[in-house]
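Quick notes on the structure that follows.
Every chain is numbered from 1 and lettered A, B, ... according to where its sequence line falls, protein lines coming before strand lines.
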2 protein chains.
Amino acid sequence: MDGRGKTAATVTLAEVAAAAGVGESTVSRVLRNHGSFSAKTRDRVMEAVNRLGYVPNMIAGTLASAGSRLVGIVVPSFSNIVFADVLRGASQALEGSGHQAVIGVSDYDPAREEALIASMLSWRPAAILLAGLEHTDRARAMLTGGGARVAEMLDIDGPGLDLVVGFATAETGRASARHLLARGYRRIGYVGHDLTRDTRAAKRLAGFEAALGDAGLVLADRDVAPVPSSVEVGRDGLDRLLARSPDLDAVYFSNDDMAVGGYFLCLSRGIAIPDRLALFGYNGLDVARLTPQPIATIRTPRVRIGELAAQLALSGAPAQTVDVGFEVIAGATA
Amino acid sequence: MDGRGKTAATVTLAEVAAAAGVGESTVSRVLRNHGSFSAKTRDRVMEAVNRLGYVPNMIAGTLASAGSRLVGIVVPSFSNIVFADVLRGASQALEGSGHQAVIGVSDYDPAREEALIASMLSWRPAAILLAGLEHTDRARAMLTGGGARVAEMLDIDGPGLDLVVGFATAETGRASARHLLARGYRRIGYVGHDLTRDTRAAKRLAGFEAALGDAGLVLADRDVAPVPSSVEVGRDGLDRLLARSPDLDAVYFSNDDMAVGGYFLCLSRGIAIPDRLALFGYNGLDVARLTPQPIATIRTPRVRIGELAAQLALSGAPAQTVDVGFEVIAGATA
DNA sequence: AATTCATTTGGCAGCGCTGCCAAAAGGTCA
DNA sequence: TGACCTTTTGGCAGCGCTGCCAAATGAATT
């Protein structure tokens, strides 16, 4: 137990073969349940495997057979429930097919994403799953090299590299605006977080503003904090926004974390929801549906997106874009 | 573009060597910046690498050099912020040292954890990071095989296999009880989730009850739902608990998700907090600190735990248990 | 018993890279 | 100029496994 990863006495296939008194290829066939062998042989081999505590070496197996059972996944963050759900869906799908997820976090940084993609490709993964359609040119070039299938998840507003699984991001913003407009709200503000990093949040806002424009309106005011989204940032953003524009009758938040923060501010201040102020979020977050008044939001099938992306990427499906849709949840705050 | 992961025309080290007019080992040395070579040679090699778009094959490299730069991480869930934070910490640490995280989700199932460990070991990882100290015997046996360093995270209440990084789980329960007792609460209930799967939640409850016992008290009532924790389960659990035992003056929740659900129930019902009912959670969850009244809870350094576990496992540190401690956050609900 | 065919098995050449060693090239000094 | 030392370089044998092919075995048929 010296602490170094020296693999003291690793048992190899050849040793198992010798112990079982069969050839190496026979052991390999039995272990992979591939090709034919007699029941007697199988028992002999399995006995030796268990007795010696043999653990197959995927590194060698992959090298020999060309084509790994690894799948690279790059997400912007672990903390955002959106990506946690996507990862969950993807893991589920991978589990079934005997693949392993190699996961990296880009922290919403395209350069980090590029670096992660490069290092993942060096493991010759069967597929790479990414969030969104925005990548550096070099990342694109590496991915189109042809080695691995590529699935871009969550956003379908634009051309993809291979597989694209998601929903129309800008359209979610438009739908949110239409919902508020249909309920008669006219003096609408926006509370958001770092839009330069979170390009999908920026697309939602663009769609939202476009729909307001169609109705002859503009965003009355906005507060955008250059930091990641959180309950706190939503609360403080709404606080600032209302200080500047007390006459707003509705606020669109960049996501449900932010909206929950706004909701808490209203609770603390005794601001009547939705009569005095309507709130609209984005994500269908668990906690936002269970506040005393469920928060109006957009629900997207995130787990399904991860699952479908993984399935398609591993099934050899042709390059395509799959729109899984989204749903407006009316809630009680708008 | 037939969709199969065939790696159309993969460039190999040998091809780069030929293109640069040098030997294979020279290319290898330059690429790994290891051993000596002249500046002129380096430029020639790098030019060829870029021109051909060479991507090193880690599979082959690892096989040849014995010892991979993969680190296996098995967590019970992606959705629970605790593990998201631990993963974030671990990823950060791995990033710096040029390692890749291979992540699996056990869904709180020891058998699945065992299967994941087995399949990760077949990638000959440098280390394996796990949540908690509870594992199947076979999992333990595989892990002590010596191939990879092992770090068990979050819980230090018991013997570990190698490295253990966390805090005294039962003691968090005791501290929670002492806090409530010090504030004068005596009729205390518990609202929890699936304790057979979440063994750490069970340990917290055991500690909590032990501290009550020290004060000559017992848990007045409890509601335990056999499902994963969520805001909704906490809300409904408190609802049931209060229907049965309306005279409780405080409730301990299995975690902050659950406590937030309870808090929302109180808001809806107009139950005065903490005068009529005190609430105590566990986790130091973002949203629980931002409710109009911050929820009393225990904060643990989760990101730090992931980071430290990864660092120690990769640094060749001797087997040891590191207690990173925890903190009682008084909040406004107890 | 001889022939044919299907099933089961073993041998061995790589997969692409690294580590080791020996050889070549370059520098220094007498 | 030649001996000696240092730096740089190339060759090649594996790492542990899989895929291919040929050989051995067994069953069925004439």
Side-chain angles (χ1 to χ4, degrees), chain A residues 5-45 48-49 52-70 98 119 121-126 147, chain B residues 5-45 48-49 52-70 119 121-125 147:
Chain A
K6 284 309 275 185
T7 303
T10 305
V11 181
T12 67
L13 219 189
E15 298 176 87
V16 173
V22 301
E24 294 182 36
S25 10
T26 300
V27 176
S28 176
R29 276 187 293 257
V30 170
L31 255 27
R32 287 178 298 149
N33 193 28
H34 177 270
S36 58
F37 46 81
S38 66
K40 193 181 310 174
T41 304
R42 186 197 51 226
D43 295 343
R44 282 244 299 283
V45 169
V49 164
L52 300 179
Y54 172 68
V55 177
N57 185 333
M58 284 295 217
I59 302 277
T62 299
L63 180 61
S65 64
S68 90
R69 290 196 152 293
L70 290 175
S119 97
L121 282 176
S122 73
W123 287 98
R124 299 291 187 268
Chain B
K6 285 308 277 185
T7 305
T10 304
V11 181
T12 67
L13 218 189
E15 299 177 87
V16 174
V22 301
E24 294 182 37
S25 13
T26 300
V27 176
S28 176
R29 275 186 293 257
V30 170
L31 254 28
R32 288 177 299 149
N33 192 30
H34 177 269
S36 59
F37 44 82
S38 67
K40 192 180 308 174
T41 303
R42 186 196 54 226
D43 295 343
R44 281 241 302 282
V45 169
V49 164
L52 300 179
Y54 173 69
V55 177
N57 185 333
M58 285 295 217
I59 303 277
T62 299
L63 180 61
S65 62
S68 89
R69 290 198 151 292
L70 291 175
S119 99
L121 282 176
S122 72
W123 287 99
R124 298 292 186 270

Can you tell me how far [atom2] of [N] sits from [atom1] of [X], to the nearest Å?
X: B/Arg69; N: C/dC17; atom1: CZ; atom2: P; answer: 17 Å
X: B/Lys40; N: C/dA25; atom1: NZ; atom2: P; answer: 13 Å
X: B/Arg32; N: C/dG16; atom1: CZ; atom2: C1'; answer: 12 Å
X: A/Trp123; N: C/dC17; atom1: CH2; atom2: P; answer: 13 Å
X: A/Leu31; N: D/dG19; atom1: CG; atom2: C1'; answer: 16 Å
X: B/Ile59; N: C/dC17; atom1: CD1; atom2: C1'; answer: 11 Å
X: A/Arg124; N: D/dC17; atom1: CZ; atom2: P; answer: 21 Å
X: B/Met58; N: C/dC17; atom1: CE; atom2: C1'; answer: 12 Å

Give a yes or no on whether a donor-acceptor pair under 3.5 Å exists between the nucleobase atoms of D/dG19, that is its base, and the side chain of A/Arg29.
-> no
Considering only heavy atoms and no angle criterion, is a donor-acceptor pair shorter than 3.5 Å present between the side chain of A/Ser25 and the base of C/dG11?
-> yes
For [X] and [Y], indicate whether the former's side chain and the latter's backbone hold a donor-acceptor pair under 3.5 Å.
X: A/Ser68; Y: A/Thr62; result: no
X: A/Ser65; Y: A/Gly61; result: yes
X: A/Arg42; Y: A/Val30; result: no

Please report the C-alpha distance between A/Glu15 and A/Thr12 in whole Å, then the side-chain angles of each, then the deciding distance to 0.1 Å, and finally whether the side chain to side chain contact (heavy atoms under 4.5 Å, CB included) criterion is met.
-> CA-CA 5 Å; A/Glu15 298 176 87; A/Thr12 67; 3.3 Å; yes
Using only side-chain N and O atoms of A/Thr26, determine if any of them is under 4.0 Å from OP1 or OP2 of C/dT9.
-> no
Look at A/Arg42 and C/dT8 and indicate whether a side-chain polar atom (N or O) is within less than 4.0 Å of OP1 or OP2.
-> no
Regarding [X], tell me which of base, sugar-phosphate or nothing describes its non-hydrogen contacts under 4.0 Å with the strands shown.
X: B/Ser36; result: base
X: B/Thr62; result: nothing
X: A/Ser38; result: sugar-phosphate

Checking C/dG16, D/dG16, D/dT9 against the side chain of B/Phe37 (C-beta onward), the nearest is D/dT9
Considering only C/dC17, D/dC17, D/dT18, which nucleotide approaches the side chain of A/Ser28 most closely?
-> D/dT18
Walking DNA chain D from its 5' end, the first of A/Leu63 and B/Arg44 to be reached, judged by nearest nucleotide, is B/Arg44
For DNA chain D, whose closest nucleotide is more 5', that of B/Ala64 or that of B/Glu24?
-> B/Glu24
Check step by step if side chain to side chain contact (heavy atoms under 4.5 Å, CB included) holds for A/Leu70 and B/Trp123.
-> CA-CA 10 Å; A/Leu70 290 175; B/Trp123 287 99; 3.7 Å; yes
